[in-house]
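Structure, as structure tokens:
Below, all heavy atoms of this structure are taken into account, side chains as well, without hydrogens, waters or symmetry copies.
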Amino acid sequence: MAQPLVKKDDDRDDEAEYSPFLGIEKGAVLQEARVFNDPQLDPRRCSQVITKLLYLLNQGETFTKIEATEVFFAVTKLFQSRDIGLRRMVYLMIKELSPSADEVIIVTSSLMKDMTSKTDMYRANAIRVLCRITDGTLLTQIERYLKQAIVDKNPVVASAALVSGIHLLQTTPEIVKRWSNEVQEAVQSRAALVQFHALALLHQIRQNDRLAVSKLVTSLTRGTVRSPLAQCLLIRYTTQVIREAATTQTGDRPFYDFLESCLRHKAEMVIFEAARAITELNGVTNRELTPAITVLQLFLSSSKPVLRFAAVRTLNKVAMTHPMAVTNCNIDMESLISDQNRSIATLAITTLLKTGNESSVDRLMKQITNFMSDIADEFKIVVVEAIRSLCLKFPLKYRSLMNFLSNILREEGGFEYKKAIVDSIVILIRDIPDAKENGLLHLCEFIEDCEFTYLSTQILHFLGTEGPKTSDPSKYIRYIYNRVHLENATVRAAAVSTLAKFGAMVDALKPRVFVLLRRCLYDGDDEVRDRATLYLNTVGSDGEVIETDKDVKDFLFGSLDIPLANIETSLKNYEPAEQPFDINSVPKEVKTQPLAEKKAPGKKPAGLGAPPSGPPSTVDAYEKLLSSIPEFSDFGKLFKSAAPVELTEAETEYAVNVVKHIFDRHVVFQYNCTNTIPEQLLENVTVIVDASEAEEFAEVASKPLRSLPYDSPGQTFVAFEKPEGVPAVGKFSNMLRFIVKEVDPTTGDVEDDGVEDEYQLEDLEVVAADYVMKVGVSNFRNAWESIGPDFERVDEYGLGPRESLAEAVSAVISLLGMQPCEGTEVVANNSRSHTCLLSGVFIGNVKVLVRLQFGIDGPKEVAMKLAVRSEDDNVSDMIHEIVASG
């Protein structure tokens with residue numbers, strides 16, 4: 001047998017680990033395998049060769065078909081040996097080689113003989129190998145033996161049969177499901193592993209039958225499970241039943257008493273599993289949590305590191321949703337800050353930061369300062385993120401927390417660690433106005449020694465945005481100009497842009513900034529010189545102390561309202577001509593989906609079909625399609641095309657979805673139709689639209705589809721007129737009308753006569769959100785301030801009970817149809833509050849920005865504060881109306 005990895009002799013200077021397999025080659029090992037053919041077998045030597053072969057297989061070495069066959073036949077000759085250790089290696093080798101169907105026959109008789117042997121070790125291993133290498137045909141022959149093995153008195157044999165059943169359930173479930181009675185009997189076994197494996201198999205057999213799983217859990221929670229491993233499985237299955245029952249039942253939580261009783265089990269693994277299950281229950285109350293928190297608190301002082309880690313990690317998760325429930329454990333967790341296991345210490349600190357109160361912040365900071373030098377960067381990042389959350393929770397403590405962040409920023413560390421600190425300081429500056437000047441100075445000091453180009457440019461950009469708004473902007477100029485002399489070209493270019501921002505935004509600094517920018521004209525890098533030239537010529541006024549023109553500021557430093565991907569596409573498609581490139585021609589819609597329409601699974605794309613070869617945006621392609629139809633050519637510029645809405649269920653005779661195209665005075669419905677019946681051809685396909693519940697709309701044109709063959713998508717259109725610039729809303733009922741002609745599937749011949757038929761479609765609504773186009777902004781705060789508070793509207797709304805905050809955020813984003821900014825659509829797990837930023841353009845090219853603040857209380861009631869700013873007070877009111885009526 002191979003020796004495990006061991007260290008060299010102690011007298012060696014280097015104690016590097018070495019492997020007994022070092023340097024072995026496949027060819028040499030295959031030569032050694034000839035010992036399997038010796039008349040007098042040496043079991044020890046044969047075992048060593050098999051070990052080497054297994055090592056090669058597990059290292060990813062591939063054997064050719066001939067090599068694998070030769071090894072397999074040679075190994076089968078070892079069945080004549082009576083050595084138990086060698087026989088076990090033979091089983092393992094056959095299992096790993098996975099012989100083909102025609103080779104399996106060679107060993108089947110030997111394995112079946114071993115399966116009925118009096119030696120239990122032979123029986124158990126033979127069962128495992130047979131079930132691994134055989135197909136369903138042979139399995140029916142040995143099924144009787146497998147059933148007997150499941151209820152065998154020897155636990156090794158019974159476990160081998162049960163584990164084999166778990167694997168076979170993936171390939172031949174119909175056979176394994178016939179073993180239910182034997183598996184049920186094995187669940188009552190006194191052997192711990194047998195009971196564990198039997199329960200796992202029985203649950204897998206019944207997992208698709210919710211009632212059967214519930215009955216299984218009900219019968220076993222009465223105390224028939226003795227094995228701690230099986231008890232842990234039962235707790236997991238019970239939690240699953242509770243979770244499913246929560247959606248259908250009200251009142252007392254079923255099986256909670258069983259979980260609570262498991263907290264008094266003698267096995268630590270069962271106690272922990274039950275405690276973890278209780279803490280993860282949906283909508284768990286403080287009363288239900290208390291017993292689980294109590295046992296986890298006891299584990300915190302355990303002598304076993306694994307128990308301490310498990311307990312503190314679970315409490316860390318609980319602290320996200322129920323911080324007050326964990327505060328009783330704070331004293332125990334403070335003692336874990338000095339734990340030798342750094343993972344435990346990190347979790348203890350981050351949990352304390354979540355549960356601590358304002359008075360304990362300073363004490364915690366002192367403890368963390370000593371701790372930070374002893375842990376790896378990945379743990380430091382976790383601590384930094386926890387400190388950031390704490391600072392936002394207690395903004396009055398920003399000085400001590402900001403000082404702590406600035407101190408660790410100056411220490412050694414990798415890029416991800418430094419980036420996490422910089423991001424935290426930036427967020428604190430944005431959210432805590434009093435921290436701005438202090439935080440900006442810390443960042444300025446950091447870039448003096450920063451070795452990471454990305455962080456230097458990020459900080460310089462942030463300085464250019466926030467620095468000019470401070471009480472004394474001139475104190476940052478020295479730090480910025482130092483970068484022009486001491487850094488690489490990328491950072492120098494960023495520093496030039498930042499200097500120009502100070503000159504444009506702070507008129508008093510303009511003459512001094514111009515002197516510095518002129519020096520940059522002699523830089524060795526093209527980008528730096530070009531930027532300096534651009535700013536000197538556009539900001540202008542020869543550096544005199546006069547206000548910079550607003551249009552110049554917007555051009556140089558304003559947010560770009562057009563997605564970069566759209567600009568890139570338009571530039572690629574632009575053909576040089578006398579007419580210069582017009583940036584206003586670039587579509588502002590954010591591309592959220594490919595051009596292929598949504599479709600039922602397994603069907604070809606409806607509507608415009610497969611994505612085109614080039615990368616034009618969705619709006620471009622739709623506009624081109626609609627302008628090519630004479631009836632719609634005079635409708636003007638297309639404002640927005642909504643995402644397709646399904647009007648039929650999946651797997652129905654006809655698949656239809658609709659795209660709403662919004663113009664200033666018109667709305668066009670594009671019905672994408674697919675015929676899914678091979679024996680039919682549809683002709684003269686139209687959609688009859690009833691607009692009786694949409695009073696402001698009047699039908700003005702339609703374009704029928706001449707022919708709709710099987711599985712070949714086509715479109716029919718209906719156009720409505722509406723008041724100009726008004727976000728009219730309404731409900732439309734739809735009826736698909738067509739002539740059906742029978743088709744011979746074999747010859748493709750179509751009958752001459754057809755029958756007129758109709759097919760009812762789902763109703764369609766035009767809502768106010770259809771008049772808002774998703775347009776992102778690169779810097780939401782700047783855009784918010786540039787619009788100003790003149791047409792700001794603020795109100796609060798109750799959103800009722802929700803499963804989670806993330807669900808509420810997603811629902812409001814969908815309702816408004818606007819573009820989330822700066823990643824704020826993502827809600828942290830178990831968060832109790834969240835701010836979401838949205839931007840868009842309302843019909844009539846009116847910019848609109850939305851700031852949503854969400855909060856959730858105990859019974860999952862969600863409240864929302866909605867602030868809207870736009871360039872038109874009617875639009876701000878309209879956004880509030882959308883939410884109020886939604």
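Between the Ser570 side chain and the Ile567 main chain, no donor and acceptor come within less than 3.5 Å of each other. For the pair Ser810 (side chain) and Glu807 (backbone), a donor-acceptor distance under 3.5 Å is absent. Lys660 places no side-chain N or O within donor-acceptor distance of the main-chain N or O of Ala643, the cut-off being under 3.5 Å. Between the Glu822 side chain and the Leu837 main chain, no donor and acceptor come within less than 3.5 Å of each other. Remark: side-chain polar atoms of Asp770 are not paired, donor with acceptor, to backbone N or O of Ile662 under 3.5 angstrom. The closest donor-acceptor contact from the side chain of Tyr771 to the backbone of Ala728 lies under 3.5 Å. Thr648 places a side-chain N or O within 3.5 Å of a backbone atom of Val656 that can act as its donor or acceptor partner. Without hydrogens or angle criteria, His834 side chain to Leu805 main chain gives no donor-acceptor distance under 3.5 Å. In this structure, the side chain of Thr676 engages the main chain of Glu653 through a donor-acceptor pair within 3.5 Å. A donor-acceptor pair under 3.5 Å links the side-chain atoms of Asn734 to the main chain of Glu762, judged by distance alone.
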I'd like to know whether Glu765 forms a salt bridge (charged side-chain N to carboxylate O under 4.0 Å, His left out) with Lys731, so could you lay out the CA-CA distance, the side-chain angles of the two residues, the decisive distance to 0.1 Å, and finally the verdict. CA-CA 4 Å; Glu765 284 190 88; Lys731 188 175 183 181; 5.8 Å; no
Check the pair Val812 / Cys836 against side chain to side chain contact (heavy atoms under 4.5 Å, CB included), numbers first and verdict last. CA-CA 10 Å; Val812 176; Cys836 181; over 6 Å; no
Passes side chain to side chain contact (heavy atoms under 4.5 Å, CB included), Tyr654 versus Asn675? Steps please. CA-CA 5 Å; Tyr654 312 111; Asn675 172 18; 3.8 Å; yes
One pair to check against side chain to side chain contact (heavy atoms under 4.5 Å, CB included): Phe639 and Asn845. What are the steps and the verdict? CA-CA 9 Å; Phe639 172 71; Asn845 210 29; 5.7 Å; no
What verdict does the salt bridge (charged side-chain N to carboxylate O under 4.0 Å, His left out) test give for Glu758 and Arg737, after you've listed the backbone C-alpha separation in whole Å, the side-chain angles of each residue and the deciding distance to 0.1 Å? CA-CA 4 Å; Glu758 292 180 345; Arg737 184 172 291 171; 2.6 Å; yes
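Atom CD of Gln760 and atom OG of Ser733 lie 7.0 Å apart (nearest 0.5 Å). Going from atom CD of Glu721 over to atom CZ of Arg665 covers 5.0 Å, rounded to the nearest 0.5 Å. With values rounded to the nearest 0.5 angstrom, Leu764 atom CG is found 5.0 Å from Phe669 atom CZ. Note that the CZ atom of Arg851 and the CD atom of Glu792 stand 8.0 Å from one another [nearest 0.5 Å]. Atoms CG and CG, from Leu517 and Asn537 in turn, are 11.0 Å apart once rounded to the nearest 0.5 Å. The structure places CG of Leu626 at 6.0 Å from CZ of Phe717, a figure rounded to the nearest 0.5 Å.
Aromatic ring centres of Phe663 and Phe632: separated by at least 6.0 Å.
In this structure, Gln715 and Val659 have side chains that are not in contact, with every pair of non-hydrogen atoms separated by 4.5 Å or more. No side-chain heavy atom of Val827 sits under 4.5 Å from any side-chain heavy atom of Phe854. The shortest side-chain heavy-atom distance between Asp795 and Leu866 does not fall under the 4.5 Å cut-off. A heavy-atom distance below 4.5 Å is not found between the side chains of His661 and Phe635. Here the side chains of Tyr671 and Leu647 are in contact, with some heavy-atom distance below 4.5 Å. Residues Leu852 and Val809 have side chains not in contact (no heavy-atom distance under 4.5 Å, counting atoms from C-beta outward). Side-chain contact between Leu816 and Val772: absent, with no pair of heavy atoms (C-beta onward) separated by less than 4.5 Å. Residues Arg430 and Val426 are in side-chain contact: their nearest non-hydrogen atoms beyond the backbone lie under 4.5 Å apart.
For residues 689-702, the side-chain hydrogen bond (donor to acceptor under 3.5 Å, both in side chains) pairs, not counting sequence neighbours, are Asp690-Ser692.
When each of Val777, Thr824, Val850, Val868 is paired with Leu838, the side chain to side chain contact (heavy atoms under 4.5 Å, CB included) condition holds for Val850 and for no other. Between Val740 and the choices Gln680, Glu683, Glu756, the side chain to side chain contact (heavy atoms under 4.5 Å, CB included) rule is met once, by Gln680.
Considering every non-hydrogen atom in both Met878 and Phe842, the closest pair reads CG-CZ, 3.5 Å. Closest heavy-atom contact between Val841 and Val848: N-CG1, 4.3 Å. Heavy-atom minimum distance, Ile882 versus Ala769: CD1-N, 4.1 Å. Here the closest heavy-atom approach between residue Gly840 and residue Met818 is recorded as N-CE, 3.6 Å. The minimum heavy-atom distance linking Leu708 with Gly714 is given by the pair CD1-N, 3.8 Å. In terms of heavy-atom proximity, Ser870 sits nearest to Ser876 at OG-OG, 2.9 Å.
Using a 3.5 Å distance cut-off with no hydrogens or angles, the side chains of Thr716 and Thr686 do not pair a donor with an acceptor. In this structure, a donor-acceptor pair under 3.5 Å is present between the side chains of Tyr535 and Ser497.
Taking a 6.0 Å sphere around NZ of Lys865, one finds it holds 12 or fewer heavy atoms contributed by other residues, nucleotides or ligands. Within a 6.0 Å radius of CG in Asp634, more than 12 heavy atoms belonging to other residues, nucleotides or ligands are found.
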